[in-house]
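Fair warning: this is a prediction, and the values are worked out from it, not measured in the lab.
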Amino acid sequence: MSTPTPAATPSTPSNWNLPNVLTSLRILFVPVFAWLALSHHWWWAFGLFVVLMATDKLDGDIARARGIVTDFGKIADPIADKALMITALVTLNIASTLPVWITVVIVVRELGITLWRMWMLRRGHVVPASKGGKLKTALQALGVALYLCPLPGWMDVPTFIVMLLAVVVTVVTGIQYLLDARKANA
């Protein structure tokens with residue numbers, strides 16, 4: 001008589017993995033980025049911002065490809081994203097020419113949608129990032145990167161236009177999330 005083998009239980013990935021380390025480093029380096037930008041070390045701030053934004057893409061790709069998506073990563077990654085982007089916008093308000101109203105619109109939308117997503121999650125509904133949301137992130141990152149670069153004066157207008165596009169896409173995607181949710185709950 002053979003002994004029955006125990007049923008295989010799915011293992012939970014360890015929080016100690018490369019994607020979570022990258023996310024944690026992104027959070028830890030936000031104050032360094034802020035110091036560089038506020039100290040007008042523009043090229044260093046730009047370089048660090050680009051590296052930190054690259055880790056945002058990289059950590060998610062690695063986690064999904066290796067099947068090591070964790071609850072920590074699901075929580076920490078959006079926190080890291082918001083911390084970096086909000087810090088970048090505020091430091092550019094202080095140390096550069098980025099208009100404050102742009103930061104206010106983006107921050108209100110980002111925090112509003114984040115709180116709404118948390119509320120939806122408590123009701124059992126996961127709201128995934130949309131393609132528009134990914135475009136929004138890319139445009140925000142490009143706009144911030146352009147503001148960080150010590151570019152010639154003739155680039156001021158194209159830089160501002162990119163940031164305006166980021167604001168428009170930010171607002172439109174925020175509204176779209178809410179409309180989609182309303183349709184789904186109707």
Side-chain angles (χ1 to χ4, degrees), residues 19 22-23 25-64 76-117 127-181:
L22 291 172
T23 297
L25 285 173
R26 199 160 68 250
I27 293 169
L28 291 172
F29 274 92
V30 167
V32 175
F33 164 78
W35 178 81
L36 289 169
L38 292 171
S39 300
H40 297 270
H41 296 292
W42 297 117
W43 284 114
W44 285 103
F46 169 78
L48 183 56
F49 180 78
V50 169
V51 168
L52 294 176
M53 287 306 296
T55 65
D56 179 32
K57 172 91 171 101
L58 191 59
D59 64 10
D61 290 349
I62 293 170
R64 286 184 292 278
D77 186 66
I79 290 171
D81 298 345
K82 304 293 184 268
L84 177 59
M85 190 55 65
I86 291 170
T87 300
L89 293 168
V90 170
T91 57
L92 287 170
N93 292 142
I94 296 167
S96 184
T97 60
L98 181 70
V100 172
W101 70 266
I102 288 176
T103 299
V104 170
V105 170
I106 291 174
V107 169
V108 166
R109 184 275 193 199
E110 294 295 339
L111 296 180
I113 292 297
T114 298
L115 290 172
W116 171 74
R117 278 178 148 165
V127 181
S130 67
K131 289 181 180 165
K134 292 176 184 188
L135 174 61
K136 175 237 3 150
T137 300
L139 283 170
Q140 287 178 2
L142 178 59
V144 166
L146 288 170
Y147 268 95
L148 288 170
C149 287
L151 298 169
W154 63 267
M155 280 297 295
D156 290 352
V157 171
T159 298
F160 184 68
I161 289 170
V162 168
M163 193 55 87
L164 282 180
L165 285 170
V167 170
V168 168
V169 173
T170 298
V171 170
V172 168
T173 57
I175 292 168
Q176 192 61 51
Y177 275 126
L178 298 176
L179 292 175
D180 290 348

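- Taking Tyr147 as the reference, nothing meets the ring pair (Phe, Tyr, Trp, His ring centres under 6.0 Å) condition, with sequence neighbours excluded.
- Residues satisfying the ring pair (Phe, Tyr, Trp, His ring centres under 6.0 Å) test with Phe46, not counting sequence neighbours, are Trp43.
- In this view, Trp44 satisfies the ring pair (Phe, Tyr, Trp, His ring centres under 6.0 Å) rule with no residue, not counting sequence neighbours.
- Residues forming a side chain to side chain contact (heavy atoms under 4.5 Å, CB included) with Val172 (at least two apart in sequence, or on another chain): Val168.
- Annotation: the span from Leu22 atom CG to Ile27 atom CD1 amounts to 11.5 Å, rounded to 0.5 Å.
- When side chains are defined from C-beta on, Asp56 does not count as touching Leu84, because their heavy atoms never get closer than 4.5 Å.
- For residues 88-102, no residue pair satisfies the salt bridge (charged side-chain N to carboxylate O under 4.0 Å, His left out) rule, not counting sequence neighbours.
- When all heavy atoms are compared, the tightest approach of Pro19 to Ile62 is CG-CG2, 3.6 Å.
- Heavy atoms only, all atoms of each residue included: Ala37 and Ala45 are closest at N-CB, 3.8 Å.
- Closest approach of Gly174 and Ile113 over heavy atoms only: O-CD1, 3.6 Å.
- Exactly one residue among Asp59, Asp81, Thr55 makes a side-chain hydrogen bond (donor to acceptor under 3.5 Å, both in side chains) with Thr23. That residue is Asp59.
- In terms of heavy atoms, Phe33 sits closest to Ala88 at CE2-CA, 3.4 Å.
- In terms of the side chain to side chain donor-acceptor pair (under 3.5 Å) criterion, residue partners of Ser39 (sequence neighbours excluded) are, by chain and number, Trp35.
- The salt bridge (charged side-chain N to carboxylate O under 4.0 Å, His left out) test applied to Lys134 returns no partner, not counting sequence neighbours.
- A pairwise comparison of heavy atoms in Ser96 and Trp42 identifies CB-CH2, 4.1 Å as the closest pair.
- Annotation: side chain of Phe49 is not in contact with side chain of Leu36 (no heavy-atom distance under 4.5 Å).
- Residue pairs satisfying the salt bridge (charged side-chain N to carboxylate O under 4.0 Å, His left out) criterion with at least one member in residues 91-106, sequence neighbours excluded, are absent.
- Checked against side chain to side chain donor-acceptor pair (under 3.5 Å), Asp77 has the following partners two or more places apart in sequence or in another chain: Arg26.
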Can you give each donor-acceptor pair under 3.5 Å made by side-chain atoms of residues 97-110, sequence neighbours left out, with the distance rounded to 0.1 Å?
unit_1 : atom_1 : unit_2 : atom_2 : d
Thr103 : OG1    : Asn93  : OD1    : 2.6
Thr103 : OG1    : Asn93  : ND2    : 3.1
Arg109 : NE     : Thr170 : O      : 2.9
Arg109 : NH2    : Thr173 : OG1    : 2.8
Glu110 : OE1    : Lys82  : NZ     : 3.3
Glu110 : OE1    : Lys136 : NZ     : 3.3
Glu110 : OE2    : Lys136 : NZ     : 2.8
Glu110 : OE2    : Gln140 : NE2    : 3.1

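- Counting only residues at least two apart or on different chains, no salt bridge (charged side-chain N to carboxylate O under 4.0 Å, His left out) pair has a member in residues 153-165.
- Side-chain contact between Met163 and Leu89 is present, with heavy atoms from C-beta onward closer than 4.5 Å.
- Closest heavy-atom contact between Val169 and Gly132: CG1-O, 3.9 Å.
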